[in-house]
Amino acid sequence: MRLSDLLGAEVVDRDGRSLGRVRDVRLVQDGPIQGTFGAGLRIEGLVVGRVAVASRLGYDREGVEAPWLVARIARVLSRDSRHVPWSDVVRVADRRVELACRGDELLAPTPLRHLPGAES
Amino acid sequence: MRKYVEVTLGVLTAIGGFVDIGDLVANAAVGARFRWSLAWVVVVGVVGIVLFAEMSGRVATLTKRATFDVVRERLGPRFALGNLIASFFVTFLTLVAEIAGIALALQLASSVNYLLLLPTCGALVWVVIWRVQFERMERIFGLLGLALIVFAVAVWRLGPDWGDVIHQASHPAVPHGEGRPTYWYYAIALFGAAMTPYEVFFFSSGAVEEKWDRADLVTSRANVLVGFPLGGFLSLAIMSGTAIVLAPRGIGVDHLSQVALPVAATLGRLGLVVVIIGFFAATFGAALETGLSAGYTVAQYFGWPWGKGTKPVEAARFHGVVLLSILLAVAVGLTTVDPIKVTEYSIVFSAVALPLTYFPILVVANDPEFMGDQVNSRLTNALGSVFLVVIVVAAVAAIPLMLATKAGM
Amino acid sequence: MSAPAGRMLDAAFELLDRQIIDGDGNHAGKVDDLELTPLEDGSFVVTAILSGPGALGGRLGGRLGTAAASIFARLHPDEDPDPVRLSFGVVRELGPQVRLTTSRHHLDVNRFEHWVRDRFIARIPGAGHAPE
């Protein structure tokens, strides 16, 4: 599977209701060792929402709030975004992701802390 | 002491490098038609380009990422590809105009038809990109571009009634016989001329190539904050020249020679020689920047190796794009399209394409992941947000106004 | 150096479309897609970075994406080529750029670059020297 098979796929809950599309795929670094990289990146869950721009701009992370105008608009657009734990995913096929849970049981994604330091 | 020389040289380069064929044509044309009633746009445009260039320079310095790298990452491959196509088209159009501008400047000097000179001009631009080191190239053409100060000398010699000039500039009104849409169409053209996207592609890519680091931020800010406003001063001098000499006689600007007329009329042959040197340097320098920018944008979108400082064999696709762009620009120029018209379209389309690159830079300049403690200040963000609105409004209004006024006829 | 285990990141935002820098500090393409491999417990792990038109085409979608992918397929000597695949094991560091431990000369990302170089750029006088 490729990441792009997930991104943009429609997400449907247990009752067949659409929750929007996969906007991002959250990874956690606790998988099998990958050479010099160390522990591999494993899928932890999906970020689902109706508007594409919101997560792409990065305003869903901690401490990113400026400029006010843009941050405000991005927040409003990402209001309905939800986090789906990978364990709730039943099936991925034909650009469609089916869930085992109901849409209203899902929570908003927790903002990630940004990676430290620009210069390395 | 060395640092001081460095900063001074950089500032002088920025002044000389600010003006290109778009600024020459737009400011002269506006002066001849609207006198000083659009002078305020130059001021707005300069503040805009200072903001934009400072942000993208800072982003490039701290993250080692030039503008189109940022665009691709923030906007995703689809939207960024649309952006690439639009930005490349505008940059290419500007390249056509600049190369034609060099040929026109040489025509003024030699009376040889510019069409005969075009292929040589294109070849010269390519040779300089191929063989001359980055900083040397910048310095030579930036400093030679200072010859355009002759416009300020001419205006001073013409001695207009300064009270009247200041009154006209500070109380902008649509002149009699001009429609409101035409006034705003030229306002956008002037704005686009000051804020051409290629300047930022070039500036940010240069920052990455020259391996700027935190210590260089001061120098780069000085270049932008002092150099660009003084470049804007040259723009106003060009505008004033045609406002004084051409406007009362009802002469419009549809050839480069008319841009030079105020100088030739007051300072004679010597003035004309200096002005032609200024034209040559301004257009040649800008042709180098646009030619390189054509390569920068494509290479940065796809992640290809790019750079002017390394051996061309190590950035083959980048140099391929630059070479092809120059060849194609010469070919387009040879179709006998009117270079002044191409220039006018290129600056209006610059205004249309501007939000596509301005917006992602504004967002990333606020991202602590990349910028650390060098994120935008409150003042920068306040101004940056106001300009975001201005830029979007100008971009949206540009094409309808172009159609409504038949491109300012 | 790699980050501590357990770190979380959003793949599309923090990995995709970033510039790849090889072990020598040179540009080596973009992270155009990621290869995900299933584990026994039903989870997936990122095993490779996919780069170049073969991977980008799929993400562009539509006619344009198909065109990009088919041009890539035509230029490629293999019958049914996979996109360029960089094992995640050669990744050294994630950040504004994705840095690798290996040189790009050992990677397959440069086929088109080499083609342009050998056919055109290297034949122009002065191509082998940096500008002065």
Side-chain angles (χ1 to χ4, degrees), chain A residues 1-8 21-47 52-62 64 81 83 85-92 95 109-120, chain C residues 1-18 21 23 31-50 54-61 65 69 82-83 85-102:
Chain A
M1 186 165 71
R2 290 191 196 177
L3 188 72
S4 57
D5 294 331
L6 286 171
L7 290 175
R21 292 176 185 278
V22 177
R23 296 307 172 194
D24 215 324
V25 175
R26 196 155 275 190
L27 304 173
V28 57
Q29 196 176 4
D30 66 359
I33 299 291
Q34 305 285 314
T36 48
F37 183 69
L41 296 168
R42 199 173 56 82
I43 298 184
E44 183 271 341
L46 306 174
V47 177
V53 212
S55 65
R56 191 85 213 188
L57 292 176
Y59 286 96
D60 50 1
R61 285 164 310 144
E62 221 170 68
V64 190
S81 79
H83 175 257
W86 187 248
S87 53
D88 279 340
V89 174
V90 188
R91 214 165 79 94
V92 180
R95 317 264 323 132
T110 40
L112 294 184
R113 295 180 77 85
H114 58 76
L115 301 171
E119 283 176 301
S120 47
Chain C
M1 187 210 77
S2 62
R7 174 176 80 171
M8 291 234 244
L9 59 97
D10 285 335
F13 183 71
E14 285 171 275
L15 252 177
L16 275 190
D17 300 311
R18 298 224 170 173
I21 306 283
V31 181
D32 288 316
D33 210 339
L34 296 174
E35 178 193 83
L36 300 166
T37 305
L39 300 175
E40 281 158 14
D41 63 355
S43 61
F44 282 81
V45 67
V46 179
T47 42
I49 290 170
L50 305 175
L56 180 61
R59 284 184 65 217
L60 290 174
D82 288 322
R85 185 181 174 283
L86 310 172
S87 160
F88 219 80
V90 303
V91 173
R92 184 162 58 92
E93 188 190 328
L94 304 179
Q97 291 95 0
V98 172
R99 292 180 180 275
L100 308 180
T101 50
T102 38

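Protein chains get the first letters and strands the later ones, always in sequence-line order, with residue 1 at the start of each. The analysis underlying the following values was restricted to heavy atoms, covering all of them including side chains, and did not include hydrogens, waters or symmetry mates.
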Side chain, backbone, both or neither of C/Thr101 within contact of chain A (heavy atoms, under 4.5 Å): side chain
Pairing of C/Asp17 and C/Arg59 as salt bridge, 4.0 angstrom limit: yes
Heavy-atom closest contact (C/Ala11 atom, A/Leu3 atom, distance): CB-CD2, 3.9 Å
Distance-minimising heavy-atom pair for C/Leu16 and C/Asp33: CD2-CA, 3.7 Å
Nearest heavy atoms of A/Thr36 and C/Gly89, plus distance in Å: OG1-O, 2.6 Å
Nearest non-hydrogen partners of C/Thr47 and C/Arg85, listed with the distance: O-NH2, 4.0 Å
Option in A/Asp5, A/Asp24, A/Ile43 with maximal non-hydrogen atom pairs under 4.5 Å from chain C: A/Asp24
Under 4.5 Å from any heavy atom of chain C - which part of A/Leu6: side chain
Between A/Glu44, A/Met1, A/Arg23, the one whose heavy-atom pairs under 4.5 Å with chain C are most numerous: A/Met1
pair C/Glu93-C/Leu100: side-chain heavy atoms closer than 4.5 Å: no
Max heavy-atom pair count under 4.5 Å with chain A, selected residue of C/Val90, C/Leu50, C/Leu34: C/Leu34
Top of C/Val46, C/Val45, C/Asp10 for chain A proximity - count of heavy-atom pairs under 4.5 angstrom: C/Asp10
Heavy-atom contact with chain C under 4.5 Å, split by part of A/Leu27: both
